2 protein chains.
Amino acid sequence: MEQLRETLKGHHLRTTTCREDVLLTFMNKKNALSHGDLEGALGENYDRVTIYRTLKTFLEKGIIHKVLDDEGLRYALCSHQCSEEKHQHDHIHFKCNECGKTNCLENLHIPNVALPAGYQPESFNLLIQGKCPECLGNN
Amino acid sequence: MEQLRETLKGHHLRTTTCREDVLLTFMNKKNALSHGDLEGALGENYDRVTIYRTLKTFLEKGIIHKVLDDEGLRYALCSHQCSEEKHQHDHIHFKCNECGKTNCLENLHIPNVALPAGYQPESFNLLIQGKCPECLGNN
DNA sequence: AAAAACACTGCAACATCGTTGCAAGTGTTA
DNA sequence: TAACACTTGCAACGATGTTGCAGTGTTTTT
Ligand SMILES: [Mn+2]
Ligand SMILES: [Mn+2]
Ligand SMILES: [Zn+2]
Ligand SMILES: [Zn+2]
């Protein structure tokens with residue numbers, strides 16, 4: 001609980017109950033969340049628009065990052081110290097086609113790619129889809 | 001023009017003007033297109049819904065594939081012989097943050113990744129964002 | 001302590017995106 | 001020709017995302 005405020009303070013954001021709850025939701029569920037997921041979890045307490053704006057703010061401040069998906073955008077916590085200036089990610093995301101959950105594989109890095117001459121890379125997003133360990137166990 | 005009908009026939013689809021025009025649009029513009037792009041190009045000739053359905057059909061038949069994006073889904077032609085049964089892609093996509101265009105780098109393959117035990121991969125999507133050769137030239 | 005400036009939220013209104021059902025039209029098959 | 005299957009447009013709807021504004025609460029300044 002106190003850690004939440006630390007995180008917000010650390011990114012120069014005021015502590016509000018909506019921000020605390022959104023942050024808490026990300027920490028409880030460990031997989032990537034869509035706006036709809038958050039609205040489902042917190043929609044009775046906060047307006048849709050407020051949740052959108054909270055996500056936008058968290059993105060800008062480096063608290064969460066986008067997770068590409070084949071059916072809609074999701075978001076996940078930045079584990080390392082991202083800030084408003086530097087938003088660096090090079091880890092892999094895995095989406096299970098069975099349970100539908102998408103997770104950050106934080107310690108699995110995207111391999112280097114030798115781009116053709118003239119391309120200047122700035123950021124990378126690798127999504128691997130398949131079956132997750134849990135779903136493979138239950139069958 | 002005749003090649004269009006070949007492609008449609010080859011995937012067991014009737015030749016219709018909408019399908020021809022959508023296919024033609026993909027071949028003319030070389031970058032990945034969103035539904036909105038197609039609606040902008042063909043919207044006066046065909047209903048929005050028809051374009052949605054055409055995209056869905058092309059996806060199922062293996063004529064186009066999804067291209068993940070940080071602001072919305074796009075689609076691009078499958079260059080190799082994808083079919084209704086087998087939809088295999090392992091090439092890299094590049095999105096230019098300057099001009100906004102996303103392209104298939106057909107002959108640049110996604111490197112192998114050693115997933116942790118228990119994960120069963122099925123498909124891969126790698127999007128690299130940065131500046132494209134054209135935009136780097138013009139400045 | 002009071003005033004001014006700023007930040008956050010909810011609400012309404014709107015725009016875009018995507019899906020579904022149905023009826024009419026067109027092509028294919030028998 | 002008659003039956004059938006596929007394709008399209010239209011209408012209606014639901015989901016997703018954005019913007020402006022007014023009310024409230026915080027922070028900063030005087
Ligand atoms: Mn991640
Ligand atoms: Mn591609
Ligand atoms: Zn799973
Ligand atoms: Zn460019």
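Remember, it's a predicted structure, so these values are computed and weren't measured experimentally. Because only heavy atoms are used, hydrogens play no part in the values below, and waters and symmetry mates are left out as well, while side chains stay in. Chain identifiers are assigned alphabetically (A, B, ...) following the order of the sequence lines, protein sequences preceding nucleic acid strands; residue numbering begins at 1 within each chain.
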CD/Q120(B) to CZ/F94(A) distance, rounded to the nearest 0.5 angstrom?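 Answer for the CD-CZ pair, Q120(B) versus F94(A), is 8.0 Å.
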Reported NE2-to-OG distance for the pair H11(A) and S83(A), which is rounded to 0.5 angstrom: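 If we round to the nearest 0.5 Å, H11(A):NE2 and S83(A):OG are 7.0 Å apart.
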Find the distance [X]:[atom1] to [N]:[atom2] and express it as a whole number of Å.
{"X": "R48(B)", "N": "dA15(D)", "atom1": "CZ", "atom2": "P", "answer": "16 Å"}
{"X": "L23(A)", "N": "dC8(C)", "atom1": "CG", "atom2": "P", "answer": "15 Å"}
{"X": "L13(B)", "N": "dC6(D)", "atom1": "CG", "atom2": "P", "answer": "11 Å"}
{"X": "K66(A)", "N": "dG17(D)", "atom1": "NZ", "atom2": "P", "answer": "10 Å"}
{"X": "L8(A)", "N": "dA7(C)", "atom1": "CG", "atom2": "C1'", "answer": "14 Å"}
{"X": "D69(A)", "N": "dT16(D)", "atom1": "CG", "atom2": "P", "answer": "13 Å"}
{"X": "H12(B)", "N": "dT7(D)", "atom1": "NE2", "atom2": "C1'", "answer": "18 Å"}
{"X": "L59(B)", "N": "dT19(C)", "atom1": "CG", "atom2": "P", "answer": "11 Å"}

Can the ring centres of H35(A) and Y52(A) be said to be less than 6.0 Å apart?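 Between Y52(A) and H35(A), which both carry aromatic rings, the centre distance is below 6.0 Å.
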Kindly say whether [Y] contributes a backbone atom to a donor-acceptor pair with the side chain of [X] at under 3.5 angstrom?
{"X": "H65(A)", "Y": "A76(A)", "value": "yes"}
{"X": "H89(B)", "Y": "S123(B)", "value": "no"}
{"X": "R19(B)", "Y": "R14(B)", "value": "yes"}
{"X": "T54(A)", "Y": "T50(A)", "value": "yes"}
{"X": "H87(B)", "Y": "L59(B)", "value": "yes"}

Examine the side chains of S34(B) and D37(B) and answer whether a donor and an acceptor come within less than 3.5 Å of each other. yes
Within the sub-3.5 Å range, which N or O atoms of nucleotides 25-30 of chain C have a protein N or O partner, and how far apart are they?
none

Does a side-chain N-to-carboxylate-O contact under 4.0 Å join R5(B) and E20(B)? yes
Does a side-chain N-to-carboxylate-O contact under 4.0 Å join K66(B) and E71(A)?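 Judged by the 4.0 Å cut-off on N to carboxylate O distance, K66(B) and E71(A) do not form a salt bridge.
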Within residues 27-44 of chain B, residues whose heavy atoms come under 4.0 Å of DNA chain D: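 Contacting residues: none.
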Anything under 3.5 Å between a protein N or O and an N or O of nucleotides 9-12 of chain C, put it in a table, one pair a line.
from, atom 1, to, atom 2, distance (Å)
dT9(C), OP1, T16(A), OG1, 2.9
dG10(C), OP2, D47(A), N, 3.2
dG10(C), OP2, T50(A), OG1, 2.5
dG10(C), N7, R53(A), NH2, 3.3
dG10(C), O6, R53(A), NH2, 2.6

